[in-house]
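We name chains A, B, ... by the order of the sequence lines, and we start the count at 1 in each one.
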Protein chains: 2
Amino acid sequence: MSSLLSKHESVYRSIRERILTGVYGPGERLVLSAIARDLDVSPVPVREAIRRLEAENLVTFERNVGARVNTLDDEAWEQLVEMLALLDGYAMRRAQCRITPAALGEAQRLNDALRAHAGGPADQHGEVMALHRLFHRTLYANSDNRYLVESLDSLWDRIDASRVLASRWPAHRLASAVDEHDELLRMIRSGEVPPDELERCTRQHSLNAIIAIRGRKTPVRLQ
Amino acid sequence: MSSLLSKHESVYRSIRERILTGVYGPGERLVLSAIARDLDVSPVPVREAIRRLEAENLVTFERNVGARVNTLDDEAWEQLVEMLALLDGYAMRRAQCRITPAALGEAQRLNDALRAHAGGPADQHGEVMALHRLFHRTLYANSDNRYLVESLDSLWDRIDASRVLASRWPAHRLASAVDEHDELLRMIRSGEVPPDELERCTRQHSLNAIIAIRGRKTPVRLQ
DNA sequence: GACTCTCGGATCGTATACGATCCATCGAAA
DNA sequence: TTTCGATGGATCGTATACGATCCGAGAGTC
C-alpha cells in the first residue's frame, strides 16, 4: 500500500504551486501547523518541504519565527533578470544549430498568440506572462545543456513568484517584446547569424525588460 | 538556553563540509540513522539537512532507499563547467570596472602562488584546486550581482564535490591556466579592453579546462 | 543449476509529544 | 505618558515511536 508520492513530496508540490501562482503572495507567512492541517499531514513532512523551498530561494525561514514567501526588492529583481538575460542568451546560442523546425514553429505560434494580446485588455497579465515564459522555454529547451535548462526554469520560477512582472510590466512593452521575439526567430531561421551576435541580441532582449520596468525612474546602468 | 545554530543547521554544515572535502565521496551512501548517531542528534534534523543538500544538487535521495552523494558523469561534468564558463565570463565583465586595486593585487598574489605549484609535486592537488577556486572567486566577487556570485559559488561546490578536477586535471594544464590568468589580469588592469572581449576570453579560459580534461579522447564540440 | 518465493534486517516515512523560543499584550512603575 | 518587565499564546525544534518499504539471503521447487 503505497501512494505514488511521499507526503513530503506532495506537500512540496502543493506549496510550490501556490507560491508560483500567487495564492501565497510575496511576504506571506507560511505557518507549518496550519499547512499541515490544511493538507492533512503532520508537520514533519511540511518542514521537509519548506526546507527544499528554502534551498530553492522561494521562501525564507527564520528560526523560531517561521517561513515567509520571498520578496524581491527592485535591485534584487533586476539582478535576477540580468541572470536570466545571461543564461537565456547563451541558451539561444547553443540552441541555434540544434533547434528543430517543429520547435521553431511552436515558438512562432506562441509569439503570434502573444501579439493577439498586445492591444487587448490589460487584465490578462497572467496568461500573457505564461505565454511569454513558454515562448522562451520552447527555445531554450533545445540548448542541450541540462543544467542550463534547469537554472533557467528555476530563475523563471523565482521571477514569477515575485509577481513583479505580473504587476508592473508596462502595457507598451509587450508590443516591443513581440517584435524582438520575431526578430530572434528570423535570426535563427536564417542560419547565417554569428553565434556571438545571436547571443548578444537575445541577452539585450531580456535586459530591455529591466529598462522597461525601470521606466524613467532611475538612470539605466547595465554593464 | 540556545545554541547559536539549530541542529538541522549544524548537521547541514557538517555533511556539506564532508562532501566538499571528499570525506564523503561521489556515490557514497548517506544513512540517516548512522549520521544521526555520529552527530548525536535524532534523525529528524538529519532528514532536513539532507533535503537541503538534495535541493542544492549535492546529494540524490531515493524514497525508501536513501541518500547518495551525487556522481557526475563526463557529460554532466562538462555541462556544469560550461555553465561556470558562462557565469564566470559575465562576472568578469561586470567586475571589470568595479574591481579594487586591492582585489587585483590579491588575485595576482594567488596566481603567483599557483605558479609556484606548477612544476612541483603532483600530490598537492587539493591545495592547487583551492587556490585556483579562490583566484576566480576573488575576481567574480566584485561583479556586484548577488545571485551571480551565489550561483558561481554553488557551481564550484558541485564541481569540487565531483572530485573530477581534483583527480583528472592534467599536470600540464596548470601552467597554461596560470598564464591565462595573468593575461586576464592584464586585460583588466589596462582598462581599455572592450567588455565583450574580456567576457569572451574569460569564458574561453574555463572552456579550456574541458578541452584539457577531454584530452584527445573525443572530438571537441563546444558551441 | 536456475528460478521463484518467503523472510528478516536495514532503512526510510510520518505521527505524536513536549520542551524551547519568540513576541504581542498588558500592567506597573517612573 | 512613556518605559520596562512579566505573562501567555502561537509557533517552532527535536526526540521518540512505530509502521511501511526495500532488498538481499536463503529455502524450496522445477
Point to revise | From dA15(D), dA15(C), dC12(C), nucleotide with atom closest to P45(B) side chain | key: dA15(D)

**Study point:** Between C1' of dC22(C) and CZ of F61(A), the distance in whole Å
**Key:** 13 Å

Check your understanding: Rounded to the nearest Å, what distance is computed from the CD atom of residue E9(A) to the C1' atom of nucleotide dG13(C)?
Key -> 13 Å

Review point. Please give, in whole Å, the distance from dG13(C) P to L32(B) CG?
Key: 7 Å

**Study point:** d(NZ, K7(B); C1', dC12(D)) in whole Å
**Key:** 14 Å

Check your understanding: Taking 4.0 angstrom as the limit, do R13(A) and E9(A) come out as a salt bridge?
Key -> yes

Revision key, fill the gap. By nearest-heavy-atom nucleotide on DNA chain C, the more 5' of S33(B) and D40(A) is S33(B)

Review point. Can you tell me how far C1' of dT11(D) sits from CZ of R63(A), to the nearest Å?
Key: 13 Å

Practice item. Quickly work out the N64(B) CG to dC12(C) C1' distance and round it to whole Å. Key: 5 Å

Exercise for review: Select base, sugar-phosphate, or nothing to describe what L5(B) touches, counting heavy atoms under 4.0 Å on all strands.
Suggested key: nothing

Review point. When you measure from the side chain of S42(B), which nucleotide among dT14(D), dA15(D), dG13(C) comes out closest?
Key: dA15(D)

Check your understanding: How is L30(A) classified with respect to the nucleic acid when contacts are heavy atoms under 4.0 Å: base, sugar-phosphate, or nothing?
Key -> sugar-phosphate

Practice item. Output the single nucleotide from dT11(C), dA15(D), dC12(D) whose closest atom is nearest the side chain of R29(B). Key: dT11(C)

Check your understanding: Which one, dC12(D), dG13(C), dA15(D), comes nearest to the side chain of V31(A)?
Key -> dC12(D)

Check your understanding: Of all the nucleotides listed (dC12(D), dC12(C), dA15(D)), which has the minimum atom distance to the side chain of V41(B)?
Key -> dA15(D)

Revision key, fill the gap. Note: for A34(B) and V44(B) on DNA chain C, the residue whose nearest nucleotide lies more 5' is A34(B)

Review point. Rounded to whole angstroms, how far apart are CZ on R68(B) and C1' on dT11(C)?
Key: 13 Å

Check your understanding: Under 4.0 angstrom, heavy atoms only, what part of the nucleic acid is V65(B) near: base, sugar-phosphate, or nothing?
Key -> sugar-phosphate

Review point. What integer distance in Å separates I35(A):CD1 from dT11(D):P?
Key: 11 Å

Point to revise | Heavy-atom closest contact (A95(B) atom, L139(B) atom, distance) | key: CB-O, 3.7 Å

Point to revise | SB check R133(A) D157(A) (cutoff 4.0 Å) | key: yes

Point to revise | Parallel, tilted or perpendicular: rings of H181(A) and H205(A) (30°, 60°) | key: perpendicular

Review point. Which nucleotide sits closest to the side chain of P43(A): dT11(D), dT16(C), dT14(D)?
Key: dT16(C)

Review point. Is the distance from OP1 or OP2 of dG13(D) to the nearest side-chain N or O of R47(A) less than 4.0 Å?
Key: yes

**Study point:** With W169(A), the ring pair (Phe, Tyr, Trp, His ring centres under 6.0 Å) member among H132(A), H117(A), H125(A)
**Key:** H132(A)

